[in-house]
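Report on the structure given below.
Numbered from 1 within each chain, the chains take letters A, B, ... in sequence-line order.
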Protein chains: 2
Amino acid sequence: MSGRPKIFDNEAVISKAAEVFWRQGYEATSTEDLLAAMGIGKGSFYLAFKGGKKELYEKVLEQFDQAAVSRFRKELDAAADPIEYIREFFRGIARQPKKIHQKGCIFGNAVAELSNIDPLLMKQATHHLQELEANFLEALQRGKQQGILTSKLDPALLARLLLNNWNGLGITRRMYPDNELLSTLIEAQLRILD
Amino acid sequence: MSGRPKIFDNEAVISKAAEVFWRQGYEATSTEDLLAAMGIGKGSFYLAFKGGKKELYEKVLEQFDQAAVSRFRKELDAAADPIEYIREFFRGIARQPKKIHQKGCIFGNAVAELSNIDPLLMKQATHHLQELEANFLEALQRGKQQGILTSKLDPALLARLLLNNWNGLGITRRMYPDNELLSTLIEAQLRILD
DNA sequence: TTCTTTTTGTACTACCCGGTAAAGAATATA
DNA sequence: TATATTCTTTACCGGGTAGTACAAAAAGAA
């Protein structure tokens, strides 16, 4: 059964690759960039990821999604006020360093870059963003149940507005990688939750 | 002085190239893609655009900006109600065909794709988006002068909110290339103008 | 016509890149 | 130790790409 032991951990190298993809995008990243970042050779890479760069990118998106979604759900469950949690979620953007602002949202990046290049990958990125939207919706519904959210807007519409704000911030934060400016912008956006 | 006559018009081929760049992005577009779309050969191309793909992309962004800005200003000047003009500007998105939705905003695309690849091009794209923001601002200020805009928010902040909505729509319209859905979303966003 | 200027078409070069193949290394098991 | 299994290393291949070089073509001017 078990032959030569693997020198690397799959999740670990996916996470290494994620950083490069996130920073440079899909097309601008060569497999050699990825190999260098992951610290493995071609042989190992194509053995572990037979689909090459494309499969790796899928895995990267999935890993990102797993981490983000599980964290969101956990924190939301722990939050007494789900609406305030959404607020803090957005406010968190305005606490991040410039390097992060410059990378934007990897899912939004994927949607923008791959719509007419690789529709399948684009569809997956879209799906992940829809999960974020679903999380917003769940928080909003809980807020409504608890009587915290008084807005008369349909929660589904509200969730979509939040998603669009998120998508916009993925671009705007690169134009203005300035936390004070972003904070002002975000606070104004959050008034739809009042 | 005058040698062999040019077979093509610069602005015309830039506009041809624009379509390809807009659809595929910068990195995914090869110079041969561009030559095919422009209908000229390598010799002519490198003579007219010594900077190659990069210079052409700059020109494309500039041409887009020229067209968009001049149209915006002209229509805004002609509009009796500048706030309603902004509304119509956004509503127009929800009247466009799927093919356009799939391409998003070329400036947003450039910002997303090139932030960490070619900072100079990214900066130019940012500048063009800031011109859009400035146009929003001008319209808002005129609306305030005319007493049409009653919002208590700082017009500059309002313009930035509109810009962020625009940036978001560049992504969201690809996730949901559905004009009815987009219309609902946009109408909800426009309530910040009430 | 002949010369000059500018554009065009094409051939060429040097390079990079994704992917494969094959041989060798490291382990468990018998 | 011998064998089977799995992973790693490295060399290689075919294809595509950006950019250059150069000769031919198309005009005006002398």
Side-chain angles (χ1 to χ4, degrees), chain A residues 1-61 110 113-114 116-122, chain B residues 1-21 23-61 110 113-114 116-121:
Chain A
M1 277 285 137
S2 75
R4 180 170 178 172
K6 226 175 171 170
I7 206 174
F8 63 92
D9 172 63
N10 264 28
E11 292 302 311
V13 301
I14 290 172
S15 144
K16 291 280 189 189
E19 217 290 312
V20 184
F21 272 136
W22 190 12
R23 178 158 33 84
Q24 305 190 338
Y26 182 76
E27 289 285 342
T29 300
S30 68
T31 51
E32 312 220 350
D33 286 341
L34 295 165
L35 294 179
M38 295 189 291
I40 64 177
K42 280 196 173 184
S44 307
F45 172 63
Y46 281 105
L47 185 68
F49 306 93
K50 304 211 196 310
K53 187 167 112 165
K54 193 163 159 174
E55 183 186 340
L56 180 59
Y57 193 70
E58 285 181 35
K59 299 271 170 68
V60 161
L61 291 183
E113 185 182 0
L114 300 173
N116 300 292
I117 302 297
D118 192 315
L120 233 124
L121 286 178
M122 180 273 190
Chain B
M1 280 298 126
S2 73
R4 179 170 178 171
K6 225 174 172 170
I7 206 175
F8 63 93
D9 172 63
N10 264 28
E11 291 302 312
V13 301
I14 290 171
S15 146
K16 291 280 188 189
E19 216 291 311
V20 183
F21 272 135
R23 177 157 34 84
Q24 305 191 336
Y26 182 75
E27 290 284 343
T29 300
S30 68
T31 51
E32 311 222 350
D33 286 341
L34 295 166
L35 294 179
M38 296 189 290
I40 64 176
K42 281 196 171 182
S44 307
F45 173 63
Y46 281 105
L47 184 68
F49 305 94
K50 304 210 196 313
K53 187 166 112 165
K54 194 163 158 174
E55 182 185 341
L56 181 58
Y57 193 70
E58 284 180 36
K59 298 273 170 67
V60 161
L61 291 183
E113 185 182 359
L114 300 173
N116 299 293
I117 302 297
D118 192 315
L120 232 124
L121 285 178

Return yes if the base of dG18(C) and the side-chain atoms of K42(A) contain a donor-acceptor N/O pair under 3.5 Å, otherwise no. yes

Quick check: does any side chain N or O of K53(A) sit under 3.5 Å from a backbone N or O of T29(A), one acting as donor and the other as acceptor? yes

Hey, are the side chains of W22(A) and V60(A) touching, using non-hydrogen atoms and a 4.5 Å cut-off? no

For Y57(B) and F21(B), take the angle between the two ring planes, folded into 0 to 90°, and tell me which bin it lands in: parallel under 30, tilted 30 to 60, perpendicular over 60. perpendicular

Measure from NZ on K53(B) to C1' on dT20(D) and round the result to the nearest Å. 18 Å

CZ of R4(A) versus C1' of dG24(C): gap in Å, rounded? 8 Å

Please state whether the phosphate of dG18(C), meaning OP1 or OP2, lies under 4.0 angstrom from any side-chain nitrogen or oxygen of T31(A). yes

Is there a side-chain contact between T31(B) and F49(B) (heavy atoms, below 4.5 Å)? no

Atom CD1 of I7(A) and atom C1' of dT6(D): how far apart are they, to the nearest Å? 13 Å

Separation of F49(A) atom CZ from dC7(D) atom C1', in whole Å? 14 Å

Mind calculating the distance between CE (M38(A)) and C1' (dG18(C)) to the nearest angstrom? 13 Å

Please state whether the phosphate of dT8(C), meaning OP1 or OP2, lies under 4.0 angstrom from any side-chain nitrogen or oxygen of S44(B). yes

